[in-house]
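Remarks on the structure that follows.
Order of the sequence lines fixes the chain letters, A, B, ..., with proteins taken first and strands second; residue numbering starts at 1 for each chain. Since we're looking at a predicted model, the values are computed, not measured.
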Protein chains: 2
Amino acid sequence: MQMQVVNSLKAHGLKVTPQRVTILSAIEKKGHANIDEIYKEAKTTNPTMSLATVYKNITSLIETKLLKEVAINNQKSKYELSKEPHSHLICKECGSLEDIDSNNLFTLNNDKIDFDIEEVELNIYGVCNKCKDKGTSKN
Amino acid sequence: MQMQVVNSLKAHGLKVTPQRVTILSAIEKKGHANIDEIYKEAKTTNPTMSLATVYKNITSLIETKLLKEVAINNQKSKYELSKEPHSHLICKECGSLEDIDSNNLFTLNNDKIDFDIEEVELNIYGVCNKCKDKGTSKN
DNA sequence: GATATAATTAATAAAAATTATTATTTAGGA
DNA sequence: TCCTAAATAATAATTTTTATTAATTATATC
């Protein structure tokens, strides 16, 4: 079995089920995938896998920070294994998504990357000053 | 009527309907809003407005670049009026979204912004080299 | 290794979100 | 003002996501 995936589940306090191993392996194989792609890929290994199981596990895998959601304009969210901070090249034609290293990103001007950039978007997630003052209450 | 909104619609070749004016005004008022928020706000002005109309118009307003989708992890997409390139501060507690100027962003280290940054994400949209070579075919 | 128990799963139903259909209305040009 | 294509409201249909439940299973403890 995928020892890396198994250890990762254990390290995050999740039971090691074949479904979870399959889901994580599917994502690992694909790099990034949306729910349907994960489900389809997972079924090749585990044909009895239920779609609801995929949904439920994606949620808990995100909660335990094993996975990361990548929300994308005009597409269903994709999911990736948690890894070093990085950015994405998202193709507006085919929808493909590719990791890029964020480190040397700001030498991008000199055409080192074969990609027609149409739009650059930086999203900063965190906790706003209101919430910081209020504790953890939702509003 | 909202002259600015009316002119904007005309300039983008869309018919000026009260529904569209209402939708754009609602977004303008809110700054950013998801479908439900737009619908709710729009109904205060136009109580007979149909939800399907909101969906359909959001689509055409995005197609004509009058609106921009902001896909967000763990939330429904929000929509904003097209404007100068900028970034967003997205609160993981309350889900609030605030514009920030991208220009002086990289002096951010020195705590000028009252926001606990947990994650910075830069998404670059465009056309990949494959699609560039292939024309406009989808795959 | 066997057992108890809480968590997980498959199957399914239910709910929520989005898109399609259609008859009617309307915006904008002739 | 009239014509026509586009837009709308109402609704149905579809798609996506979540909840329910009985059966199964992972794992901790013996």
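Following rounding to the nearest Å, B/Leu51 (CG) and D/dA13 (C1') show an atom-to-atom distance of 15 Å. The distance between atom CG of B/Leu61 and atom C1' of D/dT8, rounded to the nearest whole Å, is 14 Å. Put simply, CZ on B/Arg20 is 11 Å from P on D/dA6, counting in whole angstrom units. Distance B/Glu63 CD to D/dA7 C1': 15 Å, rounded to the nearest Å.
B/Asp36 comes within 4.0 angstrom of nothing in the nucleic acid, heavy atoms only.
Of the possible donor and acceptor atoms, one in the side chain of A/Ser82 sits under 3.5 Å from a partner among the backbone N and O of A/Lys65.
We find the OG1-NZ distance between B/Thr22 and B/Lys29 to be 12.0 Å, quoted to the nearest 0.5 Å. Interatomic distance, B/Ile38 CD1 to B/Tyr55 OH, rounded to the nearest 0.5 Å: 10.0 Å.
Contact annotation: the side chain of B/Ser60 approaches that of B/Arg20 to within less than 4.5 Å [non-hydrogen atoms, C-beta and beyond]. Under the 4.5 Å side-chain criterion, counting only non-hydrogen atoms from C-beta, B/Leu24 is in contact with B/Leu67.
In summary, contact between chain A and DNA chain C, defined as any nucleotide atom under 4.0 Å from a heavy atom of the protein, begins and ends at C/dA6 to C/dT12 in the 5' to 3' direction.
A salt bridge is absent between A/Glu37 and A/Lys30: the closest approach of a Lys/Arg side-chain nitrogen to an acidic carboxylate oxygen does not fall below 4.0 angstrom.
In this structure, a donor-acceptor pair under 3.5 Å is present between the side chains of A/Glu69 and A/Ser77.
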*Could you run through nucleotides 19-30 of chain D and give me one letter per nucleotide, 5' to 3': B if any protein heavy atom sits under 4.0 Å from the base, S if only the sugar-phosphate is that close, - if neither?*
B------BS---
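B/Gly95 and B/Lys78 make their closest contact through O-NZ, 3.1 Å (heavy atoms, listed as atom of the first residue, atom of the second, distance).
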